Amino acid sequence: MINVSHLYKSFGELAVLEDISETIKKGEKVVIIGPSGSGKSTFLRCLNLMETPTSGTITFDGEDITSCHGKELDCLRRRMGMVFQHFNLFPHLTIRRNITLAPVKLGLMSKDEANETADRLLKRVGLPDKADSYPNMLSGGQKQRIAIARSLAMNPEVMLFDEPTSALDPEMVGEVLDLMKQLAEEGMTMVVVTHEMGFAREVASRVLFMADGKILEQNPPEEFFKNPSNPRLKDFLSKVI
Amino acid sequence: MEGFFEAIKGFFVSFGDKFSQNFIEKNRWQYLTNGLATTLIITVCAVILGFILGFIVAVVRSTHDKTGKMKAGNFFAHIYLTVIRGTPVMVQLLIIYYVIFQSININKIFCAILAFGINSGAYVAEIVRSGIMSIDNGQMEAGRSLGLNYRQTMLSIILPQAFKNVLPALANEFIVLLKETSIAGYIAITDLTRAGDIIQSQTYEAFMPLLAVAAIYLVMVVGLTRLVRLLERRLAKNDKR
Ligand SMILES: Nc1ncnc2c1ncn2[C@@H]1O[C@H](COP(=O)(O)OP(=O)(O)O)[C@@H](O)[C@H]1O
Ligand SMILES: [Mg+2]
């Protein structure tokens, strides 16, 4: 579904991604772990071209997207949902408007359709009575569930998660992970940057280890956690588990 | 003691006489009300023009700061801001009236609106720009990741929040402008300040008309300042929602 080949990204002199090649198949759940500053976010943001790759190609459903810009790019991004560490809900809009804004503005749904979709999604993320609240009336966990609902309203084919639980108080991590598991079970293609090893074990079809802008090792979770071969990964795992 | 009361009585009698001479006789109060109307027309129209100009310039400048695009627009915006903020508003008014529109027989009030609007736009632009820059980058990213384009994200996500943040500063700009229009008399517009001059030239009395003019400005400014403070408190309360 997504094919990355020889992806390089640098910010000025700083090389952040170096020669990454990777294929993500439809329905796969790819979890990316690695020390901070290793380029995980940058990699994720290259997938929906929030960052422009310095070189290399990314194809999505066989179509080269690295040369997309303007309208094509906007259309492409509708097909990839993105969930951020800091939620990035729109504080001046109600939860309902947070969810319906993009589908209505882009002419994908009528107002009524969008409202129905919002109600359905709010039920799905377990917050059916928050439609008329504003984001800052919600807890962190609730905000992240709303952010997921907002992405889902666009009917994305892939969901990209950038440390979705890192900004949450510990007691709220579970509710967000549960929702993500549910999504995974329903067959959503997911790329998840996280430090939640339990989630990686349980949900991932593959786990990638990134360090210094390279993917140093990857395996299905069982093998990945039981028999790590790269010394950097061994060291990393001994610190986080 | 007797003399003291006489003096006070004398003061009030002569105050009454002067009052009637300056304002009642020959319906001179009408100079003030007409002048006030002119002042208000100039201020309100100039503020509208200033807001439109200011928002456009602010969006151009911050788009350039954030994306590196709109180089030419930013260049002209920069010249505009430098020239307008680097010269006295009175000189700008005189130039627009005597130089730019010298050959055309144009409405003076229109000239004043143009001069004050263009002037105010430069200050509004910097206020709004600081408002736009104060909005977290995540807001733009969230909008773009949903497939909205730059303009749509700017209009429905960034600007509403920026506007709310700078509303008190913009209201203050309105108050400043109200006072600044008192130089409109230099191109022979009979605004509130000039109305005082006219009465003075007829009654050879400076105290009464100037006192009246000052009092009217003061009442308006104090009233508006109160409104701004109310607005600030309202907005602060909304933020705690
Ligand atoms: N927009 C940017 N401009 C300059 N440097 C950046 C930018 N974004 C990320 N970086 C740098 O790229 C490196 C990798 O960042 P990131 O992808 O966020 O790592 P991770 O998500 O793994 O912690 C870091 O050194 C970071 O400082
Ligand atoms: Mg990161």
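Model, not experiment: these values are computed from the prediction. Sequence lines set the chain letters: A, B, ... in the order given, protein chains first and strands last, and positions in each chain run from 1.
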Undergrad: Between A/Leu89 and chain B, which part of the residue has a heavy atom less than 4.5 Å away: side chain, backbone, both or neither?
TA: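 Just the backbone, heavy atoms under 4.5 Å.
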Undergrad: Kindly check if the number of other-residue, nucleotide or ligand heavy atoms within 6.0 Å of NE2 (A/His195) is above 12?
TA: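 More than 12 heavy atoms, drawn from other residues, nucleotides or ligands, come within 6.0 Å of this atom.
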Undergrad: Does atom NZ of A/Lys123 have more than 12 heavy-atom neighbours from other groups under 6.0 Å away?
TA: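 Atom NZ in A/Lys123 is not packed in, count stays at 12 or less.
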Undergrad: What part of B/Gln139 is in contact with chain A, defined as an atom under 4.5 angstrom from a non-hydrogen atom: side chain, backbone, both or neither?
TA: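 The answer is both parts of B/Gln139.
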Undergrad: Looking at every non-hydrogen atom in both residues, tell me the closest pair between A/Arg77 and B/Arg144 and how far apart they are.
TA: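 A/Arg77 and B/Arg144 have their closest heavy atoms at CD-O, 3.2 Å.
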Undergrad: Do you know which of B/Ile157, B/Asp136, B/Thr153 has the most heavy-atom pairs under 4.5 Å to chain A?
TA: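 That would be B/Ile157.
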Undergrad: Taking all non-hydrogen atoms of both residues, which atom of B/Ser145 and which atom of A/Asn48 are closest, and how far apart?
TA: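 So the minimum-distance heavy-atom pair works out to CB-ND2, 4.3 Å.
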Undergrad: Could you tell me if the side chain of B/Glu141 sits less than 4.5 Å from the side chain of A/Met82, heavy atoms only?
TA: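 A/Met82 vs B/Glu141: side chains apart.
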Undergrad: Take atom CZ in B/Arg85; do more than 12 heavy atoms of anything else shown fall under 6.0 Å from it?
TA: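 Enclosed.
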Undergrad: What distance do B/Leu148 atom CG and A/Leu106 atom CG have between them, rounded to the nearest 0.5 Å?
TA: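 Between atom CG of B/Leu148 and atom CG of A/Leu106 there are 5.0 Å.
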Undergrad: Surrounding NZ of B/Lys69 (heavy atoms of other residues, nucleotides or ligands, distance under 6.0 Å), is the total greater than 12?
TA: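 Not more than 12 within 6.0 Å, no.
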Undergrad: Starting at OG of B/Ser156, measure out to NE2 of A/His92 and round the result to the nearest 0.5 Å.
TA: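 The OG atom of B/Ser156 sits 7.0 Å away from the NE2 atom of A/His92.
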Undergrad: Heavy-atom count around B/Tyr31 OH within 6.0 Å, excluding the residue itself: above 12?
TA: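 No, not enclosed.
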Undergrad: First locate atom CG of B/Leu146, then atom CZ of A/Arg150, and finally report the distance between them rounded to the nearest 0.5 Å.
TA: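 CZ of A/Arg150 is found 5.5 Å from CG of B/Leu146.
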Undergrad: Minimum heavy-atom separation for B/Ala142 and A/Phe90, please, with both atom names.
TA: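 Nearest pair, atom of B/Ala142 first, then A/Phe90: CB-CE2, 3.8 Å.
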